[in-house]
Structures are given as C-alpha cells and as structure tokens.
Amino acid sequence: MESNAVVWFRKGLRIHDNPALDYACRGSSHIFPVFVLDPRYLHPDPSAFSLGSARAGLNRIRFLLDCLLDLDSSLRNLGSRLLVLRGHPEPASVICRILKDWNIRKVCYEFDTEPYGQARDRQVTDFARQLGIEVFSPVSHTLFDPAEVIKKNGGRPPLTYQSFVALAGKPPDPLAKTYSELPPVGNVGKVELLNIPTIEELGYRDIEQEEFSPFGGGESEALRRLNEVLKDKEWVANFEKPKGDPSAFWKPATTVLSPYLKFGCLSSRYFYHCLHSVYLTVGKHTSPPVSLVGQLLWREFFYTVAFGTPNFDQMRGNKICKQIPWKDDDKLLVAWREGRTGYPWIDAIMIQLKKWGWMHHLARHSVACFLTRGDLFIHWEKGRDVFERLLIDSDWAINNGNWLWLSCSAFFYQYHRIYSPISFGRKYDPDGKYIRHFLPVLKDMPNEYIYEPWTAPLSIQKKANCIIGKDYPRPVVVHDRASKDCRKKMGEAYAKVGSAEEEDDTAASESTTIQKRKRQT
DNA sequence: GCTCCGTTGTGGTC
DNA sequence: GACCACAACGGAGC
C-alpha cells in the first residue's frame, strides 16, 4: 500500500541529526523532500536600501541558494532529490495544496519558534489535521525546547543567563542515524517543479559590488568548517569569547559557524556533542558563559526569552524592554548604515557587514553601542533592521536579543560602559590593517592618525591622498560630548522607567509599579 | 534593605 | 597581562 510523507525544509537544511527527515522515512513508500521558494525572500526589491529582496540582503540570499544546492546534491546521493516549489501566494498554502494533491499521509517539519514561523506553521497544522494527515514537528533547531524551559521556570522565561543555565541541564544527543538510501520520491503529478535559481536568474544583474561574503552556505561546508575547528583541540578548549580580536578578518577569531546554525546546516546538538568530546579528551577547558559551549547556551537563552516574551522585537508593549526616548534622525542613521560616520573603526565594520555579511561579535558591539546609547542615541530597532537584512547569520531571536542587550534596554544595564569608537579598535589593531582593508580611501593614512584622521595635519592628509571632509567624512558627532549626553539621557530614562510601564499595561505590572512608586517616595 | 554578581569599558599604573 | 579607580545599573538571594 502507498504511504506518502512530506519533509518540509525551511531551516534545518541538513541530512545529519534531522528528526523530521528520519520520521518521514519510517514506514513510508515514498517521501517528498520539499523546499518552497518565497519570492519575498528572494526576488529583488528596488526600494530596499541595499541589493537584495524585501527580506534579505544579497549575501544571505546567496548563502541560502548554496544551502539548497548542497541539500539537493546530498539527497540525490541517497536516491532522492529536493523538490523546489514556487511559493505563490505564500509557502503555507503551497504546502496545503500538495498535501492533498500528493495523497500525503504524514507531513514532517522542524518546530519553529519565531512568530513568523509559528503563524505559517499553524496554517499547515490546522489544514493537515482537518484532513487527518499526521503532523510531526520536532524541536531540533535548538538544544532544548524553549516551551519546556519556560514551564520549568514557572511559566516565565528566565531573564538571566545564569538562571537559564541552571534550568537547562544536559541537551539530548543528536540522532546517530546515517543513510545509505532514502525512500524514492513519489509522483508529483501536475505540480510544477523549479530548478534552484541562480542569483542572475532571480534578477540580480550588473552587480557592481567588488567583494562578497567569503562564507559559502550548505551542510557540507558547515561540516568541513566544524572539522577544521575541532582539529585544533587546544583552541577549542581554551576559547574565551570576550578575549577574541574583532579586527581579525582573514582568520576570524571565532568559528564563524553562526550562519550554518542559523540555517540549520549544522545541528546545534551535533556541535554540542562534538565540543563535549573534545573537552573529554583534553581535560582542562573553559566554561560557560565564555566557552564555545557557553556560546551555544547563549543562543538557547535568547531563543527561550524570545519565545516567551510578547513583542520581543520591539520596545512598545515589550515588558522586558526599557522605554527610552530614542532620537529620530535619518541623516545620522544613514551615515551609520553606509559607513560614513567619520570614525574609521565604526565605518570599516559597517563596510565589512555590507560586503561580507559577517563581522566579529565585538565589532557588532562597537557599532551597536555607537548607534544607540553610546553616541547617536538612535532607536535599536533601526539598527536591528540593518543587521537583520545584511547579516548572513541574522537570526530573529539572537539579533533582537543582542540589540536589547547592547542598547541597555534589557538584560544589561550598565549604560556608562561605552565603547570608544577610537581606542577600542586601536587596542587590537594599532596599525589599522582592518580599516585599511575595508576603507581603502584611508590606506595611506599614517598609523598615528588612522583611528582619528580628522586630527591629521593637512599636509599629512594630502600626502595620504585623503582630505578629511572631501575624500572621507568628518566625524558626525564629537564622541566625548555625544557619549556624555547619551549617559545623561539614559539616566533620565531609567529614572522615569516606572511611568513608561504604567502606560503600556495596567493590571499585569501593578505590583512592580507599586514597588517603583515606593522607591521614588 | 543589603550584598553580590554580571561573557566582551576606559584609562591609568605597575 | 594584571590590577586599580572611575561611576554606578538591575536581578537574585538573603
């Protein structure tokens, strides 16, 4: 008897440790491995501020296409293939249609915690259940089930890393299963199958950008990269995140596995498992929060809080977010976004973001602090949008979580600790090699002035072929003054924080409001 | 109400 | 590279 199963790939673009794929294969005569191309994610949007679609910059689109090509090739090696479908009018309705057309008995897809994914999957789940089709939606993108952690904590997400780690315990092992062959693909009937498009086929032509992300997508590349990392056991064992060098770019100071985790080319559980094996063989190793395992737990922490916090991605209506009267200044925002603030360290980072779609974690801190509480006092949501579009590893929960953190809106509140746009970078890279690469206009500026070129005498500027105010901008703000002003405004906003909460919700936060009132009297 | 703690500040000293 | 002063936040636990 025929028994057909669909494996719907969204994230989780891998064969290894893939419970949805594993379950689809069990007892099925045919499986249909499906990916739905979402035009909003892929097709050019000329109104966007950078090359790319409405939802993603070109680097991440390219990364996704790499992932799909690799997944298709792996499936073909197992006697199957990826069925690529057109996402009109939207991915969920396309899935509903094929469930019927292909006489599907069970549909399997990885559980997705993001609001967009939740709404999309609810449509499919409801539809399938009406038709009596089995839905299998396992948690496999994260180490833990965020809903369970929240339940363990009495219904609220833990709001500190330490309390999260105390609750979390040990994650489940990855699936050990490997395949020699998959059940054959069934008859797709009249459903149109697409090829995995190229960038050019999507309509991206005459691209002038001269440097693109050096990181290619796909499970094979993820596992190659992982094995490269694991080879250096000492490095893995001694890893301490805050000690990394943000200016290292040819050989980054971190693993750069984040984009692979984001798309699920690499299983977080498999990664965790491998790290643990290394720890066992070397004995002495670093620990969370700074260790590599600690980094995976940070990911879990943000996924959990994001899942359990309504309006996590905005200031308004977000209970854990400080209400701060951020400034609205498009000119400053654009200067930051385009790498024209006049601070070479900040601008070089923003250009690396634009060209590579990746920069070191501490570099992200520098520019996020500069945009928000450090210098420009612009809303973290604006910076979040820029990162979300341009980063190849942009991940809804983690990106929003980090912007909340850096802007001192949640999790972290020491707003007087401000990164200097001049000395922070110089500490790691006194010769400015990083700046010279990403801002070639400054390549002949002497070391002495590379972090503050506006202080160079005109004769030096001329000799370096870079006149400040003409070839490279003057600073948009004076850091010493701007940061002092920001500190003052943050202090005022913090002092007023009780009344902001009162505006948004009345009954729910009554007890905290009373506490705040007491404190004020 | 007090104390301790918090992945990743800066600028100074030794 | 390690330590300090600076200034000074909220959360958690008692």
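Naming: A, B, ... by sequence-line order, numbering from 1 per chain.
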Intra- and interstrand pairs of DNA chain B - dot-bracket, Watson-Crick/G-U under 3.5 Å, | marks other strand: ||||||..||||||

Terminal contacting nucleotides, 5' and 3', DNA chain B versus chain A (heavy atom, 4.0 Å): B:dG6 to B:dG11

Rounded at 0.5 Å granularity, tell me how far OG1 in A:T309 sits from NZ in A:K319. 9.5 Å

Checking A:Q352 against A:Y434: is there a side-chain donor and acceptor pair closer than 3.5 Å? yes

The single option from A:K496, A:K488, A:M490 that satisfies side-chain contact (heavy atoms from CB on, under 4.5 Å) with A:E492 is A:K488

Roughly how far apart, to the nearest Å, are C:dG1 and B:dT7 at atom P? 24 Å

Among residues 242-262 of chain A, which ones have heavy-atom contacts with DNA chain B below 4.0 Å? A:P242

Ion pair A:E381/A:R316, N-O distance below 4.0 Å: no

Can you confirm whether A:R156 is buried at CZ, in the sense that more than 12 heavy atoms of other residues, nucleotides or ligands lie under 6.0 Å from that atom? no

Can you find a heavy atom in the side chain of A:D145 that is under 4.5 Å from one in the side chain of A:K151? no

Whether A:R10 and A:E114 form a salt bridge (side-chain N of Lys/Arg under 4.0 Å from carboxylate O of Asp/Glu) is what I want to check. no

Could you identify which residues of residues 346-380 of chain A place a heavy atom less than 4.0 Å from some atom of DNA chain B, listed by residue number, or say none? A:H361, A:L362, A:H365

Contacting residues from residues 276-304 of chain A, given that a heavy atom lies under 4.0 angstrom of DNA chain B: A:P289, A:V290, A:Q295, A:W298

Does the pair A:K489/A:D485 count as a salt bridge with the N-to-O cut at 4.0 Å? yes

Have A:D375 and A:H479 got a donor and an acceptor in their side chains that come within less than 3.5 Å? yes

Starting at OH of A:Y272, measure out to CG of A:D17 and round the result to the nearest 0.5 Å. 14.5 Å

Could you check which residues of residues 410-428 of chain A get a heavy atom under 4.0 Å from DNA chain B? Sort them by number, please. A:Q414, A:R417, A:I418, A:Y419, A:S420, A:S423, A:F424, A:K427

Tell me whether A:E148 is salt-bridged to A:K152, with the criterion being a basic N under 4.0 Å from an acidic carboxylate O. no

Distance in angstrom units between A:E240 CD and C:dG1 C1', rounded: 13 Å

First locate atom CH2 of A:W380, then atom SG of A:C408, and finally report the distance between them rounded to the nearest 0.5 Å. 13.0 Å

